[in-house]
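Written out below as structure tokens is the structure these notes cover.
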Amino acid sequence: MNTLKNTDPEIFAAISDELKRQQSHIELIASENYCSTAVMQAQGSVMTNKYAEGYPGRRWYAGCGKVDIAEKLAIERAMDIFGAEHANVQPHSGSQANMAVLFSSLTPGNKILSMDLSHGGHLTHGFKKNFSGQLYEKITYGVSEETGYIDYDELRAIAKKTNPDLVIAGASAYPRELDFAKFKEIADEVGALFLADIAHIAGLIVAGVHQDPVPYADFVTTSTHKTLRGPRGGLILCKAKYASKIDQFIFPGIQGGPLMHVIAAKAVAFKEAKTEEFRKTQIQTLKNTKKLANELKDKDYKIVSGGTDNHLFLIDLSNKNISGTEAQETLEKAGIILNRNMIPFDKRTANDPSGIRMGTPSVTTRGMKEPEMCQIANWIDSALNGRGDDNKLRTIKNEVAKLCSTYPIYNDNSALVS
Ligand code: PLP
């Protein structure tokens with residue numbers, strides 16, 4: 001990155017320092033991951049220069065032959081790894097994937113039945129300050145207060161009572177497996193369309209370690225940068241009968257020129273997702289998440305729903321006399337990065353909730369396994385017990401950095417900028 005260093009030393013320094021931060025910290029934000037060097041090389045390529053409004057073979061500009069190759073490969077690979085009838089690889093993000101599905105399948109005033117935000121749902125599923133909540137009526141389902149699992153009988157009863165136009169399955173903070181077949185059954189019973197938003201769990205689905213929504217859902221949306229380990233972006237899969245409507249609602253509906261460099265990088269990520277190495281990493285992610293949750297449970301942390309089936313879990317800190325925000329800030333001082341999170345039936349506010357969320361995709365990608373999960377649980381516990389003791393937190397931070405140095409995030413160093 002010498003050219004960047006000479007042209008813009010300030011941005012070079014920010015990137016260089018961000019790399020050092022990523023390398024030296026333990027990353028437990030459940031929605032993050034480290035994409036491969038190959039993905040970054042495609043994303044940092046000349047394809048960023050090309051305008052390509054339209055779709056392969058049907059562009060509004062000349063000179064699209066080479067970017068067409070990249071987009072066709074991305075589409076074919078997405079359809080292949082998910083077994084889908086149609087793929088649109090152009091959404092700039094998971095949110096825009098959801099926007100295109102909602103615009104294509106609903107009219108303003110229609111009803112969406114989706115998960116309560118404080119129970120793990122997402123902003124684009126009907127939150128009042130999001131476009132989805134401004135245009136459509138949101139009806140919510142949640143988890144049982146007793147078990148922390150989605151109560152499908154209650155979901156069916158709500159659906160029957162309210163007659164939604166669209167049922168959404170998918171969450172940002174639900175630690176249990178989603179029963180897509182059950183969602184489909186309920187949507188069919190009330191004549192609603194069914195959207196599965198697999199933003200968080202797409203990698204697990206490709207690896208075959210989570211139930212697959214593709215046979216059941218009218219639409220499947222995802223972001224490409226979480227467990228799927230691609231560049232930051234979005235993807236829509238749908239039944240063939242919705243293909244042309246979805247394509248039209250992405251372009252010209254809500255987007256202009258597609259990000260061809262990102263689409264090239266998505267193609268690379270979809271190729272990587274077909275490998276045995278990818279499958280093994282997803283399996284290890286599940287093992288690591290279970291191990292980390294169990295270790296913390298043994299230290300008297302309350303795990304929401306009692307455990308986890310996927311790549312993340314939530315801790316209810318209400319028995320520890322510490323808020324989610326204080327925990328997040330304390331752990332950052334100890335070199336451990338995660339986020340505060342509402343827990344179902346939280347008595348506190350979204351800004352300072354009772355919980356924290358943690359996930360293991362990033363630490364698993366860098367090669368950590370069960371013994372490291374024990375070590376991380378010990379550090380989390382001693383940092384939270386030692387909050388306010390900056391010396392102690394600094395000592396943990398040094399130990400964290402030492403462990404991290406033995407698990408470089410980019411083995412070949414080609415992504416290193418200094
Ligand atoms: N859907 C779910 C369930 C998510 O968790 C997220 C992001 O966290 C999104 C959609 C939106 O993805 P993006 O951040 O790419 O817009």
Side-chain angles (χ1 to χ4, degrees), residues 27-33 35 39 43 78 82 88-103 112-127 129-133 136 138 140-143 150 166-178 180 183 194-205 210-211 213 217 219-238 250 254-255 258-259 262-263 265-266 269 308-314 337-342 344 350 355-362:
E27 181 58 68
L28 295 178
I29 293 181
S31 49
E32 291 188 11
N33 211 331
C35 66
V39 165
Q43 189 167 7
F82 286 101
N88 185 308
V89 297
Q90 292 193 2
H92 299 334
S93 70
S95 294
Q96 276 174 297
N98 283 344
M99 183 183 253
V101 169
L102 267 48
F103 280 179
I112 300 175
L113 176 56
S114 61
M115 197 171 202
D116 193 315
L117 195 60
S118 68
H119 289 211
H122 190 256
L123 301 169
T124 52
H125 300 177
F127 178 58
K129 289 188 181 165
N130 184 265
F131 80 92
S132 55
Y136 311 109
K138 178 176 164 103
T140 56
Y141 61 86
V143 299
I150 291 171
L166 178 73
V167 174
I168 305 181
S172 308
Y174 182 61
R176 295 301 182 177
E177 183 153 19
L178 290 163
F180 295 117
F183 272 99
F194 173 35
L195 162 63
D197 176 347
I198 59 168
H200 264 261
I201 53 176
L204 305 176
I205 290 166
H210 187 289
Q211 196 193 110
F219 312 98
V220 176
T221 54
T222 183
S223 44
T224 46
H225 45 270
K226 298 185 174 104
T227 49
L228 198 48
R229 220 189 145 213
R232 195 154 289 278
L235 167 69
I236 304 173
L237 308 163
C238 65
I250 282 291
I254 61 167
Q255 291 185 181
L259 309 176
V262 179
I263 289 171
K266 286 175 190 173
T308 171
D309 299 326
N310 59 24
H311 64 299
L312 65 79
F313 60 93
L314 290 169
I337 306 296
L338 47 66
N339 64 287
R340 62 185 186 266
N341 218 98
M342 295 279 273
I356 46 177
R357 182 185 71 163
M358 41 185 110
T360 65
S362 298

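When reading the values below, keep in mind they use all heavy atoms of this one structure, side chains included, and skip hydrogens, waters and symmetry mates. Sequential numbering from 1 along the given sequence is applied to the chain's residues. Read the numbers this way: they start at 1 and go in the same order the structure lists the ligands and their atoms.
- Inter-residue side-chain proximity for T224 and V262 is flagged as unmet; no heavy-atom pair is nearer than 4.5 Å.
- Contact annotation: the side chain of H122 never approaches that of N130 to less than 4.5 Å [non-hydrogen atoms, C-beta and beyond].
- Of the protein's heavy atoms, G94 N, 2.8 Å lies nearest to atom 15 (O) of ligand 1.
- The closest donor-acceptor contact from the side chain of H311 to the backbone of P361 lies at 3.5 Å or more, if one exists at all.
- When hydrogens are left out, the protein atom nearest atom 4 (C) of ligand 1 is H122 CD2, 3.3 Å; that is the closest non-hydrogen contact.
- Under the 4.5 Å side-chain criterion, counting only non-hydrogen atoms from C-beta, L166 is not in contact with Y136.
- In terms of protein heavy-atom proximity, atom 5 (O) of ligand 1 is closest to S172 OG, 2.7 Å.
- If you check which protein heavy atom lies closest to atom 16 (O) of ligand 1, you get S95 OG, 2.7 Å.
- For the pair R232 and ligand 1, no heavy-atom separation below 4.0 Å is found.
- Contacts with ligand 1 closer than 4.0 Å are made by no heavy atom of Q96, backbone or side chain.
- Ligand-side atoms of ligand 1 in range of H225: 15 (O), range being under 4.0 angstrom from any heavy atom.
- Of all protein heavy atoms, the one lying nearest to atom 1 (N) of ligand 1 is D197 OD2, 2.6 Å.
- H200 has its side chain within reach of L312: a pair of non-hydrogen atoms, C-beta onward, lies under 4.5 Å apart.
- Taking a 4.0 Å cut-off on heavy atoms, A171 registers as neighbouring ligand 1.
- A donor-acceptor contact shorter than 3.5 Å is absent between the side chain of K138 and the backbone of D116.
- The closest side-chain heavy-atom distance from I29 to R357 is below 4.5 Å.
- Within ligand 1, counting atoms from 1 as listed, the ones closer than 4.0 Å to a heavy atom of S93 are 15 (O), 16 (O).
- For Y174 (side chain) and M115 (main-chain N/O), no donor-acceptor pair under 3.5 Å exists by modelled atom type.
- Of all atoms in ligand 1, listed by their number and element, those nearer than 4.0 Å to a heavy atom of H200 are 5 (O).
- For K226, the heavy-atom gap to ligand 1 drops under 4.0 angstrom.
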